[in-house]
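Note sheet for the following structure.
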Amino acid sequence: MSVNGEAARVRTEADQTDEPGWEVDPDDDWALAVVATVGRQLRLRREAAGMRVGEFAVAVGYGEDLVYKIESGKRIPRPEFLDRADEVLGAGGLLSAMKGDVEKVRYPRKVRDLADLEAKAVELLSYGSHALHGLLQTEDFARALLLTRRPTPPENQLEQAVAARMARKAIYERSPAPELSFVLEETTLRRPIGGRMVHRKQLEHLLEVAQLRNVDIQVMPLDRWDHPGTGGRIQVLKFGDGTAVGRMDDEFNGRPVHDPRQLRILELRYGTIRAEALTARESQAFVERLLGET
């Protein structure tokens with residue numbers, strides 16, 4: 001490769017890595033500690049290899065400025081950066097091994113906590129009264145939905161939130177697969193978030209997810225009102241050891257609960273809601289009709 005070609009490659013890859021969504025949240029102590037540790041290890045190994053920052057930047061194919069930011073704990077490194085650095089510095093997989101924690105750093109603390117709970121759950125029950133559950137959203141739909149917030153989130157926060165929501169979908173790849181039950185209000189399916197094409201893609205995605213044997217998606221028609229879902233969202237996560245956690249918007253001050261007596265109330269309400277909704281097969285036919293109208 002020519003010198004000009006090498007420089008162009010470095011600039012291009014640097015630009016890609018320096019995009020919004022890779023900054024460290026200054027209020028997230030755990031994230032700051034992880035990124036600082038990664039940066040320190042990277043600098044120590046680079047210096048031990050006798051490489052200057054400029055030489056290392058060319059070798060890994062990223063810009064000098066980006067390397068400085070990562071080593072000083074001001075920027076979250078991409079997984080492919082750590083793999084390349086590991087290879088160049090002969091770290092024997094030690095830098096690549098940090099990818100798991102680094103990936104979590106990108107996501108807000110609240111999302112990390114939720115993702116950890118979902119990763120442990122053997123069963124999920126979810127009723128949504130205003131928006132589709134994050135595990136059911138396409139990337140474009142999630143981005144459009146987040147953009148409806150006011151004040152509008154900065155681009156870096158928006159991309160972090162979208163990436164975090166998409167990362168939670170790893171739950172579909174687990175083995176054994178958890179049982180997932182969703183009840184969706186009809187209005188959440190009719191609202192054209194993001195415009196016609198984004199809306200259509202979202203409906204198509206719902207039909208695809210509904211084909212999974214461990215997933216039940218039910219629709220609550222607008223004309224069915226005599227159920228406890230009028231109190232807002234309900235979510236219950238059950239774990240393999242028999243414990244569970246749940247929450248409902250208008251119950252227990254909207255806070256997560258673990259007490260079996262409180263969880264029984266949430267499960268009773270969810271069971272009533274589920275019984276009032278269309279069956280999974282009827283719901284699939286409903287979404288297909290709606291897609292045809294969109």
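In what follows, every heavy atom counts, from backbone to side chain, and hydrogens, waters and symmetry copies are set aside.
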Sequence neighbours left out, cut at 3.5 Å: what donor-acceptor pairs do the side chains of residues 211-220 make with other protein atoms?
residue: N214; atom: ND2; partner: P178; partner atom: O; Å: 2.7
residue: D216; atom: OD2; partner: R274; partner atom: NH2; Å: 3.1
residue: Q218; atom: OE1; partner: R274; partner atom: NE; Å: 2.7
residue: Q218; atom: NE2; partner: R274; partner atom: O; Å: 3.2
residue: Q218; atom: NE2; partner: L278; partner atom: O; Å: 2.9

Which atom pairs, one a donor and one an acceptor, fall under 3.5 Å between side chains of residues 42-51 and the rest of the protein, sequence neighbours left out?
residue: R46; atom: NE; partner: E71; partner atom: OE2; Å: 2.7
residue: R46; atom: NH1; partner: M51; partner atom: O; Å: 2.8
residue: R46; atom: NH2; partner: E71; partner atom: OE1; Å: 3.1

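For the pair H205 and K201, the minimum side-chain heavy-atom distance is 4.5 Å or more. No side-chain heavy atom of I193 sits less than 4.5 Å from a side-chain heavy atom of V198. Counting heavy atoms from C-beta on, the side chains of Y68 and V53 come closer than 4.5 Å.
Here the shortest heavy-atom pairing between L82 and K99 reads CD1-CG, 3.9 Å. Nearest heavy-atom pair across A85 and F56 is CB-CZ, 3.7 Å.
Residues Y62 and F81 place their aromatic rings such that the two centres sit under 6.0 Å apart.
Within 6.0 Å of CZ on R233 lie no more than 12 heavy atoms contributed by other residues, nucleotides or ligands. The 12-atom threshold is exceeded at CZ of R174, counting heavy atoms of other residues, nucleotides or ligands nearer than 6.0 Å.
Checked by atom type and distance alone, the side chain of D249 never pairs as donor or acceptor with a backbone atom of I234 at under 3.5 Å. At distances below 3.5 Å, not a single donor-acceptor pair connects side-chain atoms of R168 with backbone N or O atoms of G134. Looking at Q202, its side chain does come within 3.5 Å of a backbone N or O of T138 through a donor-acceptor pair. Although no hydrogens or angles enter the test, the distance criterion places no donor-acceptor pair under 3.5 Å between the side chain of R255 and the main chain of M248.
Of the charged side-chain nitrogens involved, none lies within less than 4.0 Å of a carboxylate oxygen, so that E55 and R52 do not count as a salt-bridged pair. One finds no salt bridge joining K169 and E139 here, because no Lys/Arg side-chain nitrogen approaches an Asp/Glu carboxylate oxygen to under 4.0 Å.
By the ring-ring contact (aromatic ring centres under 6.0 Å, His included) test, H133 is found to be paired with F182, residues two or more places apart in sequence or in another chain being considered.
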